[in-house]
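Heads up, the thing below is written out as structure tokens.
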Amino acid sequence: MWRLGKFAWQLNSDQDIVVRPQKGRLLASELGFSSGDATLIATAISELARNIVSYARKGEIKLKGIHGSSRVGIQIVAI
């Protein structure tokens with residue numbers, strides 16, 4: 001399990017777009033999301049990363065596992 005369910009990384013090139021969404025898939029799996037939902041989360045992260053690199057040239061994505069009383073989630077912040 002990731003330390004405190006958090007992860008952040010800088011986006012500077014196309015290489016970052018390919019590798020990083022897998023971190024989101026791993027976090028989703030660790031939080032109990034289905035395989036299909038984990039794939040959707042990885043796809044969303046990939047799209048955010050591509051937009052950052054294409055339009056802003058550089059940026060950052062932060063992921064955080066959220067634990068509620070009866071549900072879990074993932075907060076995705078693109079900067």
Side-chain angles (χ1 to χ4, degrees):
M1 176 77 99
W2 292 353
R3 196 179 100 211
L4 303 177
K6 294 181 180 180
F7 187 74
W9 70 88
Q10 296 293 315
L11 296 163
N12 298 304
S13 70
D14 288 337
Q15 293 175 352
D16 297 328
I17 297 170
V18 176
V19 178
R20 301 306 187 191
Q22 299 311 315
K23 299 287 187 184
R25 183 189 307 268
L26 177 61
L27 178 59
S29 295
E30 288 178 353
L31 290 173
F33 283 86
S34 70
S35 176
D37 285 343
T39 298
L40 291 174
I41 290 165
T43 301
I45 293 168
S46 177
E47 289 297 317
L48 288 169
R50 180 164 306 285
N51 285 339
I52 287 171
V53 171
S54 294
Y55 300 110
R57 304 282 188 239
K58 63 180 181 175
E60 183 178 9
I61 291 183
K62 296 179 180 183
L63 305 178
K64 178 182 176 184
I66 299 173
H67 303 272
S69 60
S70 63
R71 301 189 314 180
V72 297
I74 298 177
Q75 179 183 47
I76 304 169
V77 177
I79 303 169

Sort and list the pairs that fulfil ring pair (Phe, Tyr, Trp, His ring centres under 6.0 Å) and have at least one residue in residues 8-34, not counting sequence neighbours. Phe7-Trp9
Take Ile74 and Ile66 through the side chain to side chain contact (heavy atoms under 4.5 Å, CB included) test and state the conclusion after the steps. CA-CA 6 Å; Ile74 298 177; Ile66 299 173; over 6 Å; no
Restricting to non-hydrogen atoms, name the atom on Asp16 and the atom on Gln10 that form the minimum distance, rounded to 0.1 Å. OD2-O, 3.6 Å
Considering only distance and modelled atom types, tabulate donor-acceptor pairs under 3.5 Å from the side chains of residues 39-48, sequence neighbours left out.
residue	atom	partner	partner atom	Å
Thr39	OG1	Arg25	NH1	2.8
Thr39	OG1	Ser35	O	3.0
Thr43	OG1	Thr39	O	2.9

Which other residues belong to the hydrophobic cluster containing Ile79, where Ile, Leu, Val, Met, Phe, Trp and Tyr are joined when side-chain heavy atoms lie under 4.5 Å apart, directly or via other members? Val77
Do Lys64 and Ile76 have side-chain heavy atoms sitting under 4.5 Å apart? no
Throw together a table of side-chain donor-acceptor distances under 3.5 angstrom for residues 52-60, partners on residues two or more places apart or in other chains.
residue	atom	partner	partner atom	Å
Ser54	OG	Arg50	O	2.9
Arg57	NH1	Ser54	O	3.1

In Å and rounded to the nearest 0.5 Å, what is the CG to CG distance from Leu31 to Leu26? 9.5 Å
